[in-house]
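Reading through the structure tokens given below for one structure.
All heavy atoms count here, side chains included; hydrogens, waters and symmetry mates do not.
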Amino acid sequence: MIKGRVKGKVWSSRHVGTLPPGALLEVETEAGGRIIAFDPLGCDDEEAVMVTQGSVAAAYFNGRNAPIDALIIGSIDENTKQKS
């Protein structure tokens, strides 16, 4: 799993037909790299997120052969702190 921050949307005027409807977001990782991730959650710019990659990301789309390599699976709540 990768922790990152949404840096903006990626727009595509043409894409393969098996790409599901939804947003593609540019995510900056903690390591400083950038990846494009599919967003089923509706995340906003600068939101902290968790991303999974590879076959786990593609398997999210049951019964569909989606060409997805990175998937946002959670939004990190930065406003609360866990109690010990």
Side-chain angles (χ1 to χ4, degrees):
M1 203 170 328
I2 299 166
K3 183 178 177 185
R5 189 165 300 277
V6 175
K7 292 300 179 181
K9 288 190 177 184
V10 176
W11 300 97
S12 169
S13 57
R14 294 186 293 173
H15 55 268
V16 297
T18 56
L19 186 66
L24 294 171
L25 302 182
E26 185 173 15
V27 176
E28 183 174 21
T29 67
E30 281 187 313
R34 293 206 177 202
I35 58 175
I36 305 300
F38 185 81
D39 175 27
L41 304 176
C43 295
D44 292 323
D45 284 353
E46 296 302 321
E47 191 167 341
V49 295
M50 294 179 290
V51 178
T52 190
Q53 288 186 295
S55 61
V56 174
Y60 173 77
F61 303 93
N62 292 333
R64 191 170 190 174
N65 193 11
I68 302 294
D69 183 57
L71 176 70
I72 295 175
I73 58 168
S75 174
I76 299 171
D77 188 351
E78 298 179 305
N79 295 323
T80 60
K81 294 189 180 203
Q82 283 186 317
K83 293 181 182 178
S84 314

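We find the OG1-CD1 distance between Thr52 and Ile2 to be 7.5 Å, quoted to the nearest 0.5 Å. If you take CZ on Arg34 and CZ on Arg5, they are separated by 12.0 Å, rounding to the nearest 0.5 Å. Rounded to the nearest 0.5 angstrom, Glu47 CD and Asp77 CG are separated by 9.5 Å.
By the criterion of side-chain heavy atoms lying less than 4.5 angstrom apart, applied directly or through intervening Ile, Leu, Val, Met, Phe, Trp or Tyr residues, Tyr60 is not grouped with Leu41; the two fall into different hydrophobic clusters. Hydrophobic cluster membership is shared by Ile68 and Met50, with clusters built from Ile, Leu, Val, Met, Phe, Trp and Tyr side chains linked at under 4.5 angstrom. No chain of hydrophobic side-chain contacts below 4.5 Å, direct or via other Ile, Leu, Val, Met, Phe, Trp or Tyr residues, connects Val49 to Ile36. Hydrophobic clustering, with ILVMFWY side chains joined whenever heavy atoms are under 4.5 angstrom apart, groups Val16 together with Leu71.
Counting all heavy atoms, side chain and backbone alike, Ala58 lies closest to Ala66 at CB-O, 4.1 Å. Ala70 and Ile35 make their closest contact through CB-CD1, 4.4 Å (heavy atoms, listed as atom of the first residue, atom of the second, distance).
Between Phe38 and Pro40 there is a side-chain heavy-atom pair separated by less than 4.5 Å.
Checking Asp44, Val10, Ile72 one by one against Leu25, the side chain to side chain contact (heavy atoms under 4.5 Å, CB included) holds for a single residue, Ile72.
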Margin query: Using side-chain contact (heavy atoms from CB on, under 4.5 Å), reason through Gln53 and Met1 one step at a time and then give a plain yes or no.
Written below: CA-CA 7 Å; Gln53 288 186 295; Met1 203 170 328; over 6 Å; no

Next item on the list: Kindly determine whether Leu24 and Leu19 satisfy side-chain contact (heavy atoms from CB on, under 4.5 Å), including the steps that lead there.
Entry: CA-CA 10 Å; Leu24 294 171; Leu19 186 66; 4.3 Å; yes

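Under a cut-off of 6.0 angstrom, the local environment of NZ in Lys7 is crowded, with over 12 non-hydrogen atoms contributed by other residues, nucleotides or ligands.
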